[in-house]
Peer 1: 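One structure, as structure tokens, below. Some questions next.
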Amino acid sequence: MKKYTHAYLAFMAIKRLQYGPIPEANKADAQSLVKWFHDYRDFVVKGSWYPDEVFKDNTTSHIIKFRPDQHAADHNFKKLPRNMQQYSLGLSSPLYNQPFVIEMGNLADRCESLAHGVIDCLKMLRMEDRGCPISPSNNHIAMRFFILSHYIADCHMPLHCDARPFSDGENIHAFIESQWETQIKKSYQVDTANERFFYDPYGYPLLQKPTSLIQSVEDDILQREFLYSWGTGNSNTWDYMSAVAQYSYLMAYHMIPSEYNEINLTKEVYKKSQQYARFEQDSRIIFCDAIDSIARVWLHAWTRYRSWEKNKK
Ligand SMILES: [Zn+2]
């Protein structure tokens, strides 16, 4: 995914936590996280782009690459919360519960470690006196939240979870991502000189002429049921992101069936395919699920910190 797509997804996750149907039990935590974020919104673009621009760990930590393999021993698919659309779609995939191998990537480990890091930093900040040289700052911690959002979002980009090399040939991977970036830039006012979005009065990216995709995402994140749970059988960020990666892999085959490869799938062929006819619908699923995941992972980290803080008193 490209720069403003990453920033957009992070902003929409904050928006969902603020205005979405957050259950009563999670409301106080969500509201305090949103309040905290509001002081650091100017870091969203930079933070959520840091992994691509600075860390450049793309070939290891931005991916978990699956390949179907009839001889593989592993064929277990995890569960996800019921409101995840990539999950419902994946359950009817011909590759669901079929053997697979993971060829490369440690995205789930990266997310688990970043989530822990955020909680650790919050605790250190709370323990140390203001200005203490070992204390992380709120600015720094906010950056880490946005960095974390990058890896979560990448996991929802189906081709980050598919071992077929669609960045080769005519690079359909980049083509899809640039389609998304165009949608964002068309829909919101971007202050390119200062590398940020212009804001609306509530501090969110200022909508100018939303495309139908962006309008439907804006609507969905405020209406879609919010489930705090990681999904049955998952108990942490690692389990959850590993499950997301599995359904993202199935989504890749839903968007680009197995008869295609990096040679025969030119842009021309892709644009004429029956799969591309539902590109907007698939993009909506990917965006809405990514936003939901970012909000869920963030809220878990924040809630864990808050309960530590409460027990400390
Ligand atoms: Zn990336």
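Just so you know, ligand 1 is whichever comes first in the structure, and atom 1 is the first atom listed for that ligand. Index from 1, following the sequence. Just so we're clear, the structure is a prediction, and the values are computed from it rather than from any experiment.
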Peer 1: Do you see a donor-acceptor pair shorter than 3.5 Å between the side chains of N236 and H300?
Peer 2: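 There is no such pair between these side chains.
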Peer 1: Using a cut-off of strictly less than 2.8 Å, determine whether H6 has an N/O/S atom near the Zn ion (ligand 1).
Peer 2: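 No, since none of the N, O or S atoms of H6 sits under 2.8 Å from the Zn ion (ligand 1).
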Peer 1: Sequence neighbours left out, what passes ring pair (Phe, Tyr, Trp, His ring centres under 6.0 Å) with F166? Give chain and number order.
Peer 2: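 For F166, no residue satisfies ring pair (Phe, Tyr, Trp, His ring centres under 6.0 Å) once neighbours in sequence are set aside.
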Peer 1: Name every donor-acceptor pair, under 3.5 Å, that has one atom in a side chain of residues 110-117 and the other anywhere in the protein, sequence neighbours excluded.
Peer 2:
unit_1: R110; atom_1: NE; unit_2: D57; atom_2: OD2; d: 3.0
unit_1: R110; atom_1: NE; unit_2: Y151; atom_2: OH; d: 3.4
unit_1: R110; atom_1: NH2; unit_2: D57; atom_2: OD2; d: 3.2
unit_1: R110; atom_1: NH2; unit_2: Y151; atom_2: OH; d: 3.0
unit_1: E112; atom_1: OE1; unit_2: T237; atom_2: N; d: 3.4
unit_1: E112; atom_1: OE1; unit_2: W238; atom_2: N; d: 2.7
unit_1: E112; atom_1: OE2; unit_2: H116; atom_2: NE2; d: 3.0

Peer 1: Test F279 against Y276 for ring pair (Phe, Tyr, Trp, His ring centres under 6.0 Å), laying out the working first.
Peer 2: CA-CA 5 Å; F279 181 74; Y276 193 70; 5.1 Å; yes
Peer 1: Please report, to 10°, the angle around the Zn ion (ligand 1) from atom OD1 (D52) across to atom NE2 (H150).
Peer 2: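 Taking the Zn ion (ligand 1) as the apex, the two atoms subtend 80°.
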Peer 1: OD2 (D154) to the Zn ion (ligand 1) to ND1 (H62): angle, nearest 10 degrees?
Peer 2: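 If I round to 10°, I get 90°.
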